[in-house]
Structures are given as structure tokens and as C-alpha cells.
Participant: 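Would you mind keeping the following structure in view while I ask a few things?
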Amino acid sequence: MVLRFAPNPSGPLHIGHARAAILNQEYVTRYGGKLILRVEDTDPRRVDPDAYQMIPEDLEWMGVKWQDQYIQSDRMEIYHQYARELIELGKAYMCTCPGDEFKKLKDSSQECPHREMSLAENLKLWEEMPGMSEGSVVLRVKTDLDHKNPAIRDWVAMRIVDDEHPRIGDKFRVYPMMNFSVTVDDHLMGVTHVLRGKDHLANSEKQKYLYHHLGWDVPEFIHYGRLKMDDIALSTSQARNGIEEGMYTGWDDPRLGTIRAIGRRGIMPEAIKELMLEIGVKIADSTVSWKKIYGLNRNILEKVANRYFAVLNPQKVTINGLPESLKGTIKRVKHPDFPDRGYRELPFDGEVYLDQDDIENNNGRVLRLMDAVNIKIADEITYHSSSLEDARKEKARIVHWVPVSSNKRVKVMMQDANLLSGFIEPSSDELSVDDIVQLERVGFARLDSVQNSELTFYFAHK
RNA sequence: GCUCCGGUAGUGUAGUCCGGCCAAUCAUGUCGGCCUUUCGAGCCGAUGACUCGGGUUCGAAUCCCGGCCGGAGCACCA
């Protein structure tokens, strides 16, 4: 089997691309064969030069591997060659009809005057095409003027574009349309199965005519439905505008649905993969919720993420009447299921930061500081007892805390780009960037940067 | 409007091709319980669906017709 992932380089990959990429990859690994990465940049106006770099990066992050790689703008001569061949076969013709006039004819199943031009006239126009003005002429593939779907009738194969191409400059003015270059490439590259969105249903139909004209085998077309994410509805172009206007910090802004934004937040590639394999290739649309992704991701992270205390809405608390004997160092496992990962140590001297909400929601009640002591919340915070049993008796809430005497500053970037700040326990200094941890009772987060001993996390989910 | 396609629990999915083993799978969510220490993790359990109406058949989620709802395309974008 030969499959290809063929994105348009208009920006980095987003969650929708992930489906095509991962499913293609899955077919290859499951049935054997190869995967081709083909960058489809035959519209000079829809090319973001950075995308040539970002697309492979995003694929690598997702764990998608490809064997061959092509860029269509390197293959312009090939498209020109096949376009000419098609004319010589009498299967395509040069058409100078204004667009609206052709549409009128096409919609009533009538052929335009150029359809029966002689080969010589066609070739002459084809030779002149590079010197003609944009919009004045196109090469059309003959299909069936009686096809019940007007969209299929005599579609455009080559057209003139005046803009410079970001990669190949002004070397060419005559560019292939996607349906033409895709068909030529899929055939030349030996693609056996074409996996594409159902928005290409009509294109598959159009392309079949070209396969038949040239006597080529038609690959298996597989169409999948639309994938909607609740919340993020941002298209690549909307995201780009937002970045340019300074609304978003970049392609990896936590509010965006790009692969890099999702990864930055600590969503694991395996979670994305599981999601895509579950959704599969069915043609019915599906709406995926973040909760679903979080659930899958949590299953992976739960085993991986060590635990730390961070207080994000800190209020300094001094415990009155704390017996001297209870002061000391609290040891706590990094992960309850994997004790051999070791312990972290928190000095405890009666001065701690607690989450303001924990204090406000427990006024008049007993609160247990994990692995430390029980305290009574009132106007004054006082020592209550020390054992867990006592805490249970009081139905005390068990909360996390950070020592005042020893801690690091921490910031947590939330999904809505809200930046929370507070304190994290001192043993967090053993963490390095990219580590994903569970901030107990807060949620999972990925360490994004460390600056001047201040840690910045990107929040994944609870 | 025209062409094409789809509709299984809150969401996603299995089953639909080749009707019976489907009072319908799994996941996620939600709810409840458990846990010498995360109310939020984990573990256990529970709730929850075949779009509707006809037809064919001994028997239909599965086949046929119609309705309803939803989607895609109708570019000199990909």
C-alpha cells in the first residue's frame, strides 16, 4: 500500500490534519507499505513559507513517519508535460470563455465553442499561455457535459497566476489546479489509497475522468467526515489574523487548536493518536469534546506525572499554637503508585501558603494539610490536632500547601491564556522543561520554562 | 436551488455490506461508592442509544420506501 499525506502549506498543522496524518500512518503500519509526505503548494497565494518547516515538525511530534517527501512546486515541469499530453490526446482544451459565460453553458449542459477546437489551435494557445494575462485562459479537462452534477463538467486543469511563488519565484505563470496535480502525482508516486475529507467527494469524481483519459488505474478513495471541536472553531486564516493583530502570542497560543499549541499544554501525541484511531474514517461528521481528549490524556499522564504542591491563589497563613514537636520536614511520595520514584521534602514550621478558596470555603471548620497537621479555620488559624483519624472525625478537607520559608515562584498559563501565579514546593527545582506533572488538586501541567528560578507551566487539564 | 452523502447513549465508537448469537460493544463524560491522606487522581459500580413512520420477513439497528434532521460540494483554493 502506498498512501500520502498532502497538506497545503498555509500554516502549521491543526487537529484536523492530525486525523489524516495519523490515519494514513496507521494504514501503512497495519498493512505494510509506505507513506509519502507531499506538500501541495500550487497556489502561490496560499503559501506560508514557514509551513514547509512547521509541517514536518508537527508530524514528527505526532510520531508520524514518512518514507518519501515531495514538494509540488518542484514538479511544475511534470504538470506542464502531462497537460500537453492531455491536449494531444484530445482530452483537454484551451478555453478563453469568461468564467460566468462558461458557467451558463455548463449549467445547461452545452459545450463552449472551444471544446471542438483543432489540436493545432489548442497547442498554439497552450504555447502562448505563459504570456497571456491572468484569467484570460484556462486548460479544461473534458468530462461529461451531461453529468448530473454540473460541478463535475469540464473542470479546470491549468490556470495563470500572476503572483510570485514564495519558493520558486516567477519561474512559472501557468499553475496546475489541485485536481490536476494531485492526480498526476498520485499516479506517478504509485499511491494506492487516497484518504481525504468528504469535502473532496466531488474532486474524487472529477479526478476519475483524468485517470481514465490517461489510462491509469484509479486508486481507492476513502472519504472521512468533518471533525468539529467544541470551543475552538478557529481556522488557520483566523488564527493567523489573530496572531498578526497581537491577539494571540503565536501558533502555539493555548487558545488555538494547532498541534503545537496542544502539545505545549501537555497533551500527549498518544492521546491524539488514540482519539483519531477511535474516530476512524467514517464519513459521518463527528464532534469531539475537549473532555474526551482530556480523559484519554489523563490515562497516559496519570502514570507519568509526578506530584507536586502548588498554590495558585496563595494566602499566607500562620498556625497559632503549633506544638514545636510537630515542626520538621514532611516527606511525600512523588507518585503514590510508584514509591521507588522517591520522595519530595517540604519543611514545615507552621507558616504556609494555602489556596484562598480553601480558606474561604472552610470557615469555622477543620482543614487538614496533607501529611502535616489539622488546623481550625476562623478569624485566627489555630492548631487543632495532628492525626489523620482526627481529621476524618472532623470530616476535614485535605488540602495541599506550600511552605513560606522555602518555595519557588510559579506561573500557570491556563487554556484561556489567563496567567495564574503563586508558589510551588521547593523540590520542583529538580524539574526540567517539558516535564509534565500533576499539581495536586490543581491538575496536570507541562513545565514550559524556568527563568530566574521562577517556573512557568502550561495547564493541561484536571 | 441543484448534486451527493449521513443519522447507534451527553460525546466518540463497535455492530449495518452477508437480517437471527444485539433487551446492542468499548471509551469518555455524568452520578454513586471505595481508598491511613488529591472534594478534583486512582479503583469499583451505576445510569444511558439503534431519528421517525410505513413495508418485506417467522425475525430488522441491519433490507426497501417516505418524512424529519444534519452535513459536504456546486471556484481559474486545497
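Residue numbering restarts at 1 for every chain, and letters A, B, ... go by the order of the sequence lines.
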Participant: Can you tell me how far P in B:rC34 sits from the matching atom in B:rU16, rounded to whole Å?
Facilitator: 42 Å
Participant: Could I get the full list of side chain to side chain donor-acceptor pair (under 3.5 Å) partners for A:R226, not counting sequence neighbours?
Facilitator: none
Participant: Checking A:S108 now: which residues fulfil side chain to side chain donor-acceptor pair (under 3.5 Å) with it, not counting sequence neighbours?
Facilitator: A:Q110
Participant: Determine the interplanar angle of the A:F338 and A:H335 rings, folded into 0 to 90°, and report it as parallel if under 30°, tilted if 30 to 60°, perpendicular if over 60°.
Facilitator: perpendicular
Participant: For each nucleotide in nucleotides 43-52 of chain B, reading 5' to 3', give B when a protein heavy atom comes within less than 4.0 Å of its base, S when such contact involves only the sugar-phosphate, and - otherwise.
Facilitator: ----------
Participant: Using whole Å, report how far CG of A:D355 lies from P of B:rU38.
Facilitator: 17 Å
Participant: Is it true that A:N374 and A:D390 share a donor-acceptor pair across their side chains at a distance under 3.5 Å?
Facilitator: no
Participant: For every nucleotide of nucleotides 9-15 of chain B, 5' to 3': is a protein heavy atom under 4.0 Å from its base (B), only from its sugar-phosphate (S), or from neither (-)?
Facilitator: --SBSS-
Participant: Send over the distance from A:D144 CG to B:rU3 C1', rounded to a whole Å.
Facilitator: 14 Å
Participant: Would you mind reading off the distance between A:K198 atom NZ and B:rU3 atom P, rounded to a whole angstrom?
Facilitator: 18 Å
Participant: Quick one: which protein N/O atoms are closer than 3.5 Å to N/O atoms of nucleotides 39-41 of chain B? Pair and distance per line, please.
Facilitator:
{"unit_1": "B:rC39", "atom_1": "OP1", "unit_2": "A:I398", "atom_2": "O", "d": "2.4"}
{"unit_1": "B:rC39", "atom_1": "N4", "unit_2": "A:R441", "atom_2": "NH1", "d": "2.4"}
{"unit_1": "B:rG40", "atom_1": "O6", "unit_2": "A:R441", "atom_2": "NH1", "d": "2.7"}
{"unit_1": "B:rG40", "atom_1": "N1", "unit_2": "A:R441", "atom_2": "O", "d": "3.4"}
{"unit_1": "B:rG40", "atom_1": "N2", "unit_2": "A:K462", "atom_2": "NZ", "d": "2.1"}
{"unit_1": "B:rG40", "atom_1": "N3", "unit_2": "A:K462", "atom_2": "NZ", "d": "3.2"}
{"unit_1": "B:rA41", "atom_1": "O2'", "unit_2": "A:E302", "atom_2": "OE1", "d": "2.2"}

Participant: Compute whether any side-chain donor of one residue and acceptor of the other, for A:T143 and A:R153, lie under 3.5 angstrom apart.
Facilitator: no
Participant: Does A:R298 pair with A:E302 as a salt bridge, N-O distance under 4.0 Å?
Facilitator: no
Participant: Taking only residues two or more places apart in sequence or in another chain, which ones pass side chain to side chain donor-acceptor pair (under 3.5 Å) with A:H187?
Facilitator: none
Participant: Is it the case that more than 12 heavy atoms not belonging to A:K327 sit under 6.0 Å from its NZ atom?
Facilitator: yes
Participant: What interatomic distance, in whole Å, is found between C1' of B:rG7 and the corresponding atom of B:rU62?
Facilitator: 14 Å
Participant: Looking at every strand, decide which applies to A:I283 at a 4.0 Å heavy-atom threshold: base, sugar-phosphate, or nothing.
Facilitator: sugar-phosphate
Participant: For A:K206 and B:rC4, what is the distance between atoms NZ and C1' respectively, to the nearest whole Å?
Facilitator: 13 Å
Participant: Can you tell me the distance, in whole Å, between the CD1 atom of A:I152 and the P atom of B:rC2?
Facilitator: 17 Å
Participant: Where does RNA chain B pair, written as one dot-bracket string 5' to 3', with Watson-Crick or G-U pairs under 3.5 Å, ( ) inside the strand, [ ] for crossing pairs and | for another strand?
Facilitator: (((((((..(((.......[.....))).(((((.......)))))....(((((..]....))))))))))))....
Participant: On a heavy-atom basis, which atom in A:V402 and which in A:F423 lie closest, and how many Å separate them?
Facilitator: CG2-O, 3.6 Å
Participant: Looking at A:K148, does any N or O in its side chain come under 4.0 Å of the phosphate oxygens OP1/OP2 on B:rC2?
Facilitator: no
Participant: Do any N or O atoms of the protein come closer than 3.5 Å to N or O atoms of nucleotides 76-78 of chain B, and which pairs are they?
Facilitator:
{"unit_1": "B:rC76", "atom_1": "N3", "unit_2": "A:G135", "atom_2": "O", "d": "3.2"}
{"unit_1": "B:rC76", "atom_1": "N4", "unit_2": "A:G135", "atom_2": "O", "d": "2.6"}
{"unit_1": "B:rC77", "atom_1": "OP2", "unit_2": "A:R159", "atom_2": "NE", "d": "2.9"}
{"unit_1": "B:rC77", "atom_1": "OP2", "unit_2": "A:R159", "atom_2": "NH2", "d": "3.3"}
{"unit_1": "B:rC77", "atom_1": "O2'", "unit_2": "A:D43", "atom_2": "OD2", "d": "3.1"}
{"unit_1": "B:rC77", "atom_1": "O2'", "unit_2": "A:R46", "atom_2": "NH1", "d": "3.3"}
{"unit_1": "B:rC77", "atom_1": "O2", "unit_2": "A:R46", "atom_2": "NH1", "d": "2.2"}
{"unit_1": "B:rA78", "atom_1": "OP1", "unit_2": "A:T42", "atom_2": "OG1", "d": "3.0"}
{"unit_1": "B:rA78", "atom_1": "OP1", "unit_2": "A:R159", "atom_2": "NH2", "d": "3.4"}
{"unit_1": "B:rA78", "atom_1": "OP2", "unit_2": "A:M178", "atom_2": "N", "d": "2.8"}
{"unit_1": "B:rA78", "atom_1": "O3'", "unit_2": "A:E40", "atom_2": "OE1", "d": "3.1"}
{"unit_1": "B:rA78", "atom_1": "N6", "unit_2": "A:N203", "atom_2": "ND2", "d": "2.9"}

Participant: List for me each residue that meets side chain to side chain donor-acceptor pair (under 3.5 Å) alongside A:N361, sequence neighbours excluded, and say none if there are none.
Facilitator: none
Participant: Restricting to salt bridge (Lys or Arg N to Asp or Glu O under 4.0 Å), what partner residues turn up for A:D355, sequence neighbours left out?
Facilitator: none
Participant: Give a yes/no answer on whether the side chain of A:R368 brings an N or O atom under 4.0 Å of OP1 or OP2 in B:rU36.
Facilitator: no
Participant: Could you check how far CG of A:D337 sits from P of B:rC35, rounded to whole Å?
Facilitator: 17 Å
Participant: Please tabulate, one pair per line, all N/O donor-acceptor pairs under 3.5 Å involving side-chain atoms of residues 6-16 of chain A, not counting sequence neighbours.
Facilitator:
{"unit_1": "A:N8", "atom_1": "OD1", "unit_2": "A:S10", "atom_2": "OG", "d": "3.3"}
{"unit_1": "A:N8", "atom_1": "OD1", "unit_2": "A:R46", "atom_2": "NH2", "d": "3.3"}
{"unit_1": "A:N8", "atom_1": "ND2", "unit_2": "A:E40", "atom_2": "O", "d": "3.1"}
{"unit_1": "A:H14", "atom_1": "ND1", "unit_2": "A:G16", "atom_2": "N", "d": "3.0"}
{"unit_1": "A:H14", "atom_1": "NE2", "unit_2": "A:H17", "atom_2": "ND1", "d": "3.4"}

Participant: If I take atom CD1 in residue A:I300 and atom P in nucleotide B:rG42, what distance separates them, rounded to the nearest angstrom?
Facilitator: 12 Å
Participant: Got a sec, which residues hit salt bridge (Lys or Arg N to Asp or Glu O under 4.0 Å) with A:E121, two or more places apart in sequence or on another chain?
Facilitator: none
Participant: What's the CD1-P distance between A:I267 and B:rU28, to the nearest Å?
Facilitator: 15 Å
